Amino acid sequence: QVQVVESGGGLVPPGGSLRLSCAVSGALHLSGIGWFRQAPGKEGEAISCSSRLDDTTYYADSVKGRFTISLDDTKNTVYLQMNGLKPEDTATYYCAIGRYDPDYGDPPLCSYDKTYWGQGTQVTVSS
């Protein structure tokens with residue numbers, strides 16, 4: 001049984017930093033893992049994803065240069081280091097894991113045939 005558990009959200013002033021963590025279990029066979037966010041009144045957004053097979057990563061333009069995705073050596077914990085946070089980064093952040101096809105989806109690294117989601121963690125950027 002696949003389990004996905006996020007942690008690390010909170011309230012931070014503009015320009016601040018947060019690090020989100022996501023621990024997965026029962027997912028040895030799943031090749032992709034990523035972070036997504038959903039803000040009220042907006043569409044969900046894939047913000048950063050990583051392959052668990054190699055060093056391939058994806059970043060949305062909205063976070064490129066500010067956010068960094070990384071995995072621990074076991075590939076069972078994924079982190080999202082968020083620097084230079086802006087009010088528009090306020091959202092519920094979700095970790096998800098699944099199997100991706102490099103020739104399918106937009107972006108492929110964030111497109112899974114079956115997606116397992118965490119419960120979400122709130123990030124609020126406000127002074």
Side-chain angles (χ1 to χ4, degrees):
Q1 183 175 358
V2 178
Q3 292 188 317
V4 182
V5 180
E6 305 104 333
S7 61
L11 172 65
V12 62
S17 298
L18 278 177
R19 188 175 84 154
L20 305 183
S21 300
C22 171
V24 301
S25 58
L28 288 178
H29 60 298
L30 300 176
S31 54
I33 191 166
W35 291 96
F36 303 75
R37 67 185 179 188
Q38 176 79 57
K42 295 185 179 180
E43 289 191 6
E45 180 183 18
I47 56 173
S48 185
C49 301
S50 176
S51 170
R52 297 174 83 208
L53 307 177
D54 55 36
D55 295 331
T56 308
T57 58
Y58 163 84
Y59 293 96
D61 288 343
S62 57
V63 304
K64 202 171 292 183
R66 299 188 297 124
F67 291 10
T68 303
I69 191 170
S70 61
L71 278 72
D72 72 347
D73 290 343
T74 69
K75 310 293 185 182
N76 289 328
T77 301
V78 62
Y79 304 99
L80 186 68
Q81 178 65 43
M82 306 186 293
N83 298 329
L85 283 161
K86 304 175 181 179
E88 51 263 44
D89 294 317
T90 295
T92 301
Y93 284 68
Y94 297 90
C95 177
I97 190 168
R99 186 168 48 220
Y100 75 93
D101 183 335
D103 297 321
Y104 175 82
D106 182 24
L109 267 182
C110 303
S111 304
Y112 309 138
D113 58 349
K114 178 176 171 59
T115 306
Y116 298 87
W117 295 94
Q119 80 285 358
T121 186
Q122 179 66 35
V123 172
T124 302
V125 184
S126 174
S127 55

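Predicted, not measured: the structure shown is a model, and the values here were computed from it.
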Exercise. Are more than 12 heavy atoms from other residues, nucleotides or ligands located less than 6.0 Å from atom CG of D55?
Worked result: no
Over all heavy atoms of both residues, which pair between [X] and [Y] is shortest? Give the atoms and the distance, please.
| X | Y | result |
| --- | --- | --- |
| L53 | S31 | CD1-CB, 3.8 Å |
| Y112 | G32 | OH-C, 3.5 Å |
| A60 | A46 | CB-O, 3.5 Å |
| Y100 | S51 | OH-OG, 2.9 Å |
| A91 | R37 | CB-CB, 3.9 Å |

Problem set entry | V4 and Q119, any side-chain heavy atoms less than 4.5 Å apart | no
Problem set entry | Residue pair Y116 / K114, side-chain heavy-atom distance below 4.5 Å | yes
Tell me whether [X] shares a hydrophobic cluster with [Y], the cluster being built from Ile, Leu, Val, Met, Phe, Trp, Tyr side chains joined at under 4.5 Å.
| X | Y | value |
| --- | --- | --- |
| F36 | I33 | no |
| W117 | Y58 | yes |
| Y94 | L109 | yes |

Exercise. Short question: side chain of T92, backbone of Q122 - any donor-acceptor pair under 3.5 Å?
Worked result: no
Between [atom1] on residue [X] and [atom2] on residue [Y], distance to nearest 0.5 Å:
| X | Y | atom1 | atom2 | result |
| --- | --- | --- | --- | --- |
| W35 | S50 | CH2 | OG | 12.5 Å |
| I47 | Y93 | CD1 | OH | 5.0 Å |
| C49 | I97 | SG | CD1 | 11.0 Å |

Exercise. By salt bridge (Lys or Arg N to Asp or Glu O under 4.0 Å), which residues pair with E88, not counting sequence neighbours?
Worked result: none
Let me have the donor-acceptor pairs involving side chains of residues 13-24, under 3.5 Å, with sequence neighbours excluded, atom names and distances please.
{"residue": "S17", "atom": "OG", "partner": "N83", "partner atom": "OD1", "Å": "2.9"}

Ignoring hydrogens and angles, write down the donor-acceptor pairs under 3.5 Å from the side chains of residues 63-72, residues two or more places apart or on other chains.
{"residue": "K64", "atom": "NZ", "partner": "D61", "partner atom": "OD1", "Å": "3.1"}
{"residue": "R66", "atom": "NH1", "partner": "G84", "partner atom": "O", "Å": "2.9"}
{"residue": "R66", "atom": "NH1", "partner": "D89", "partner atom": "OD2", "Å": "2.7"}
{"residue": "R66", "atom": "NH2", "partner": "S62", "partner atom": "O", "Å": "2.7"}
{"residue": "R66", "atom": "NH2", "partner": "D89", "partner atom": "OD1", "Å": "3.0"}
{"residue": "R66", "atom": "NH2", "partner": "D89", "partner atom": "OD2", "Å": "3.4"}
{"residue": "D72", "atom": "OD1", "partner": "T74", "partner atom": "N", "Å": "3.3"}
{"residue": "D72", "atom": "OD1", "partner": "T74", "partner atom": "OG1", "Å": "2.9"}
{"residue": "D72", "atom": "OD1", "partner": "K75", "partner atom": "N", "Å": "3.0"}
{"residue": "D72", "atom": "OD1", "partner": "N76", "partner atom": "N", "Å": "3.2"}
{"residue": "D72", "atom": "OD1", "partner": "T77", "partner atom": "N", "Å": "3.2"}
{"residue": "D72", "atom": "OD2", "partner": "T74", "partner atom": "OG1", "Å": "3.0"}

